[in-house]
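Order of the sequence lines sets the chain letters (A, B, ...), proteins ahead of strands, with each chain counted from 1. Keep in mind that the numbers below use all heavy atoms, side chains included, and drop hydrogens, waters and symmetry copies.
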Amino acid sequence: MTTRCRIAPSPTGPLHIGTARTALFNYLFARQTGGTFVLRLEDTDQARSTREYEQDILDGLHWLGIEWDEGPEAVDRPARGPHGPYRQSERGQHYAEAIERLLSQDRAYPCFCTPEDREADRLADAAHAGYSGRCATLTPEEREARRAEGRPSVIRFRLGEGSVEFDDLVRGHVSIDTSQLGGDLVIARSDGSPLYHFVVVVDDIAMGISHIIRGEDHLSNTPKHVLLFRALGAELPLFAHLPLILNPDRSKMSKRKSQTAVATYREQGYVAEAIVNHLALLGWSSGDDADLFSLAELEERFDLSRVQPSGAIFDADRLDWLNGQWIRRLAPAELVTRALPFLQRAVAGAAADGYTVRRPTVEDLAPLLPMVVERLPRLDAIGPMLDFVFVEDLEIDPALLLPKRWDAVTTETGLASTRRIVEETGEDDFGAEVLEPALRSLCEDHGWKVGDLFMAIRVALTGRTATPPIFEVMSALGYETTLDRLAAASELAGAIAAEE
RNA sequence: GCCGCAUUCGUCUAGAGGCCUAGGACACCGCCCUCUCAAGGCGGAGAUCACCGGUUCGAAUCCGGUAUGCGGUACCA
């Protein structure tokens, strides 16, 4: 029998890190077993579901490389696969039929209780939490009478008695008594629309799902699903409840306490490879000392039986480290393509601040990247690292220009001497081979620390104190610009000296 | 409250009765490299394996209890 698993996000928010992790594990399991991975949108909560969120989820999964074999394509494009439609809002027929069946077999019944009724029952019998069952035994005549009065009703599923047991692939045997489930379960609202616990089972049956791999937050709800599978005459799928991804305070990862939107990580310059790698390591481990895994390697090595049962804090530091590792492993051309938009955005930001800029192109960036790759924990770090090349009317912050041990006069002479040396060296020998020895002996002659001179040059050329090595910066800038900026900066140092 | 699940360095984890004086990675600290920032190399500190009791010649590993944490308990998903 071929395995079929699924991810069933609800488009009530942007793609969540937790959803992505669950999707990843399902995807890996499917690839691993030669099975099928289905994507289904659980949009039964029409009030909160939107097409924008749906699109965000689809985009995010594509971006991560977590591709599904069956499911909806982009919004407004036809579904892919034989079990469609893949949006619950379009599957009303299935639910209506299933409810009809349960009703006709008396496995479900209409319930006319008002919120006040339920509250009264709860107060009267505090020992039993959940629904009292006062509508469970209504006769057909009593039901008709209530309908005649125009009282609205929900549909409740009879839970029955005894204990529910099932085996979980990561937690082993789980057992719970039916009486602990909160009373007969509402499966359809008074307006007739079906509820999550019900539709999820109907769809998993209709789509032939063999393995339900999802977050541990669903573990307590699983007994309800088991009962529903049985009532609907279906064979039980296998369950695997994944450990939760946690906030630093060990509660379930949430928007309030953590950054949960996959799209936000993407905007910040995290690379899909790093996100995938990090998510895989939250709850799964290979068993050996390796910690860098590509999606392809994960498809090869993932093993559901090596999934941990306890929750894992989302460690942002580790993600950052992995991100740096993956950025440095990308093919140069690929890195250029991915990093360019971040550089362009930074430069556009400078333009918006009133600077005269040149828009970077692929051709501009390609030769510059080698000098910054190992300085990029994230792609968005490329802005401060290279913007000075594209901002033509660079402004130098006087507070940064003077090295700690230098006064303004020394800085002025240092930069002026440097300019002279560069000029005398000429454009043909403009490079570290000739310039570096020359500048070093300049320092020796004046008794300067090399670091001080280089820092002054660095700030003069880039406006920043953390940059690539200065001779690489010079060649990135070009001969003329280097001379111009050195001149401007020594002039500025002179002005500071005059003021003092 | 009730029910369920979990519990090895700060964090992610290795560990399936002797290989554990508990291994790796991130973070942290130090040194090296060095024109800044990184990256990289080397080293260090960091866990009485939640606690108590039991089984066993021997337990992080098996069993029981306790504690703590988290999750669920909707006409949300």
Touch class at under 4.0 angstrom, heavy-atom based, for Ser175(A) against every strand present: sugar-phosphate
Check: Ile99(A) and Phe198(A) side chains under 4.5 Å, non-hydrogen atoms: yes
Paired nucleotide for C76(B) [Watson-Crick or G-U wobble; both distances under 3.5 Å]: none
Nearest-angstrom distance, P atom, C52(B) to A25(B): 31 Å
P gap between C51(B) and A59(B), integer Å: 15 Å
Atom C1', compared across U7(B) and C12(B): separation rounded to whole Å: 15 Å
Pair Thr425(A), Asp429(A): side-chain N/O donor-acceptor within cut-off below 3.5 Å: no
Gln180(A) side-chain N/O to G72(B) phosphate OP1/OP2 under 4.0 Å: no
Plane angle bin for Phe239(A) and Phe229(A) - parallel if under 30°, tilted between 30 and 60°, otherwise perpendicular: perpendicular
Asp291(A) or Lys252(A), whichever maps to the more 5' nucleotide of RNA chain B: Asp291(A)
Heavy-atom check, side chain of Ser10(A) versus side chain of Asp45(A), under 4.5 Å: no
Residues that Trp326(A) engages under ring-ring contact (aromatic ring centres under 6.0 Å, His included), provided they are two or more places apart: none
For atom CG of Leu219(A) and atom P of G69(B), their distance in whole Å: 20 Å
Steps toward side chain to side chain donor-acceptor pair (under 3.5 Å) verdict (Asp43(A), Ser49(A)): CA-CA 6 Å; Asp43(A) 56 351; Ser49(A) 298; 5.7 Å; no
Distance, P atom - from U8(B) to A47(B), rounded to whole angstrom: 14 Å
Nucleic acid contacts of residues 236-251 of chain A, taken as heavy-atom distances under 4.0 Å to RNA chain B: Leu244(A), Arg250(A), Ser251(A)
G64(B): pairing nucleotide in any strand, Watson-Crick or G-U under 3.5 angstrom: C52(B)
Closest-nucleotide ordering on RNA chain B, the 5'-leading residue of Gly283(A) and Ser310(A): Ser310(A)
Glu161(A) side chain reached by Ser179(A) side chain, heavy atoms, under 4.5 Å: no
Complementary nucleotide for C3(B) - Watson-Crick or wobble, under 3.5 Å: G71(B)
Polar contact flag, side-chain donor to acceptor under 3.5 angstrom, Arg214(A)-Thr222(A): yes
Rounded distance [0.5 Å steps], CH2 in Trp284(A) versus CZ in Arg21(A): 13.0 Å
Value rounded to 0.5 Å, distance of CD1 in Ile470(A) from CE in Met455(A): 10.0 Å
Six-ring centre of Tyr131(A), Arg156(A) cation under 6.0 angstrom, axis tolerance 45°: yes
Flag side-chain contact, heavy atom, 4.5 Å: Arg338(A) against Ile327(A): no
Rounded distance (nearest 0.5 Å) linking atom CD1 of Ile245(A) with atom CD1 of Ile313(A): 12.0 Å
Flag side-chain contact, heavy atom, 4.5 Å: Leu102(A) against Ile187(A): yes
Whole-angstrom distance between A38(B) and C28(B), as gauged at atom P: 10 Å
Heteroatom pairs (N/O) under 3.5 angstrom, protein to nucleotides 20-23 of chain B:
none

Pairing nucleotide - G30(B), Watson-Crick or G-U, each distance under 3.5 Å: C42(B)
Spacing of CD1 belonging to Ile457(A) relative to CZ belonging to Phe471(A), to within rounding of 0.5 Å: 6.5 Å
Shorter than 3.5 Å, N or O on both sides, protein versus nucleotides 15-18 of chain B: list them out with atom names.
residue, atom, partner, partner atom, Å
G15(B), OP1, Arg306(A), NH1, 3.1
G15(B), OP1, Arg306(A), NH2, 3.4

Touch class at under 4.0 angstrom, heavy-atom based, for Leu282(A) against every strand present: sugar-phosphate
Footprint string (nucleotides 27-41 of chain B, 5' to 3'): B base within contact, S backbone only, - free, heavy atoms under 4.0 Å: S-------BBBBSS-
Pair assignment for C20(B), Watson-Crick or G-U wobble, requiring both distances under 3.5 Å: none
Nucleotide opposite A14(B) in a Watson-Crick or G-U pair, distances under 3.5 Å: none
Exercise: do Tyr196(A) and Asn221(A) side chains pair donor with acceptor under 3.5 Å: no
Find every protein N or O atom lying less than 3.5 Å from an N or O atom of nucleotides 75-77 of chain B, and list the pairs.
residue, atom, partner, partner atom, Å
C75(B), O2, Ser190(A), N, 3.1
C75(B), O2, Ser190(A), OG, 3.2
C75(B), N3, Ser190(A), OG, 3.1
C76(B), OP2, Arg189(A), NE, 2.9
C76(B), OP2, Arg189(A), NH2, 3.0
C76(B), O2', Asp45(A), OD2, 2.5
C76(B), O2', Arg48(A), NH2, 2.7
C76(B), O2, Arg48(A), NH2, 3.4
A77(B), OP1, Thr44(A), OG1, 2.7
A77(B), OP1, Arg189(A), NH2, 3.2
A77(B), OP2, Tyr196(A), N, 3.0
A77(B), O3', Glu42(A), O, 3.2
A77(B), O2', Ser10(A), OG, 2.9
A77(B), N6, His197(A), NE2, 3.1
A77(B), N6, Asn221(A), ND2, 3.2

Atom-to-atom span, CG of Leu279(A) to P of U11(B) - whole angstrom: 20 Å
Span that lies between the C1' atom of G24(B) and that of U68(B), in whole angstrom: 28 Å
C35(B) - base-pair partner by Watson-Crick or wobble geometry, distances under 3.5 Å: none
Pairwise P distance for U13(B) and C19(B), with rounding to whole Å: 24 Å
Asp380(A) with Arg378(A): basic N within carboxylate O range, under 4.0 Å: yes
Carboxylate-amine/guanidinium proximity below 4.0 Å for Arg329(A) and Glu273(A): no
Between G69(B) and C29(B) - P atom distance, rounded Å: 31 Å
